[in-house]
Colleague: 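What follows is a structure written as structure tokens; I'll ask about it next.
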Amino acid sequence: MVEKTVEITGISANSIEDAVRIAVSRAGVTLSSIHTAHIEDVSALIEGNAVMRWKVRVRITFTIHDNVHE
């Protein structure tokens, strides 16, 4: 089996979990066989001393399918 990992960033005004969901959901539009999402970093974007958005850096791992090795 061969896997590939890409790094993406999700941003949400609601929560850290929502930012992760957004990142994984968007990656799933172009990638198939996603099986792992590893949260690398979490940060809060602040405006006027208040948290306005959550930003998460996520490493998405998926299986690469081909006919050569299967």
Side-chain angles (χ1 to χ4, degrees):
M1 175 174 25
V2 175
E3 298 177 328
K4 181 169 183 161
T5 301
V6 296
E7 186 174 279
I8 61 174
T9 301
I11 300 171
S12 172
N14 298 321
S15 67
I16 295 168
E17 292 86 357
D18 194 42
V20 173
R21 270 193 227 74
I22 289 168
V24 171
S25 176
R26 178 58 188 89
V29 170
T30 55
L31 304 174
S32 61
S33 300
I34 294 172
H35 59 78
T36 306
H38 182 83
I39 299 166
E40 292 287 312
D41 186 47
V42 176
S43 58
L45 304 173
I46 309 296
E47 292 178 18
N49 295 328
V51 174
M52 300 306 291
R53 291 183 304 267
W54 292 99
K55 187 174 181 180
V56 295
R57 188 165 39 99
V58 183
R59 291 173 51 91
I60 303 287
T61 303
F62 57 98
T63 303
I64 296 176
H65 297 286
D66 60 38
N67 294 328
V68 175
H69 299 289
E70 295 183 14

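None of these values were measured; they are calculated from a predicted model.
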Colleague: So do the side chains of Glu3 and Met1 get within less than 4.5 Å of each other, counting heavy atoms only?
Modeller: yes

Colleague: In terms of hydrophobic clustering (I, L, V, M, F, W, Y; side-chain heavy atoms under 4.5 Å; direct or indirect links), are Val2 and Ile60 co-clustered?
Modeller: yes

Colleague: Minimum heavy-atom separation for Ala19 and Ser12, please, with both atom names.
Modeller: N-CB, 3.5 Å

Colleague: Please check if Val42 and Ile8 belong to a single hydrophobic cluster, counting links between Ile, Leu, Val, Met, Phe, Trp and Tyr side chain heavy atoms closer than 4.5 Å.
Modeller: yes

Colleague: Would a 4.5 Å heavy-atom cut-off, applied to side chains only, mark Ile34 and Thr61 as touching?
Modeller: no

Colleague: Any chance you could measure Lys55, atom NZ, to Ile16, atom CD1, to the nearest 0.5 Å?
Modeller: 14.0 Å

Colleague: How long is the gap from CG on Asp41 to CZ on Arg59, to the nearest 0.5 Å?
Modeller: 12.5 Å

Colleague: Under 3.5 Å, is there a donor on one side chain and an acceptor on the other for His65 and Ser33?
Modeller: yes

Colleague: For Ala23 and Val58, which heavy atoms make the closest approach, and how far apart are they?
Modeller: CB-CG2, 4.3 Å

Colleague: Take Ile22 and Ile11 through the test side chain to side chain contact (heavy atoms under 4.5 Å, CB included) and record every step on the way to the result.
Modeller: CA-CA 7 Å; Ile22 289 168; Ile11 300 171; over 6 Å; no

Colleague: Just wondering, do Val6 and Lys4 contact through their side chains at under 4.5 Å, heavy atoms?
Modeller: yes

Colleague: Answer whether the closest heavy-atom distance between the side chains of His35 and Thr63 falls below 4.5 Å.
Modeller: yes

Colleague: With clusters defined by side-chain heavy atoms of hydrophobic residues (ILVMFWY) lying less than 4.5 Å apart, directly or transitively, does Ile64 cluster with Leu31?
Modeller: yes

Colleague: Same cluster or not: Ile39 versus Trp54, using hydrophobic residues (I, L, V, M, F, W, Y) connected whenever any side-chain heavy atoms lie under 4.5 Å apart?
Modeller: yes

Colleague: Consider only side-chain heavy atoms of I, L, V, M, F, W and Y, link residues closer than 4.5 Å, and tell whether Val56 and Phe62 are in one cluster.
Modeller: yes

Colleague: For the CZ atom of Arg57 and the CD atom of Glu7, what is their distance to the nearest 0.5 Å?
Modeller: 4.5 Å

Colleague: Using atom types as modelled and distance alone, determine if a side-chain donor or acceptor of Arg21 lies under 3.5 Å from a backbone N or O of Glu17.
Modeller: yes

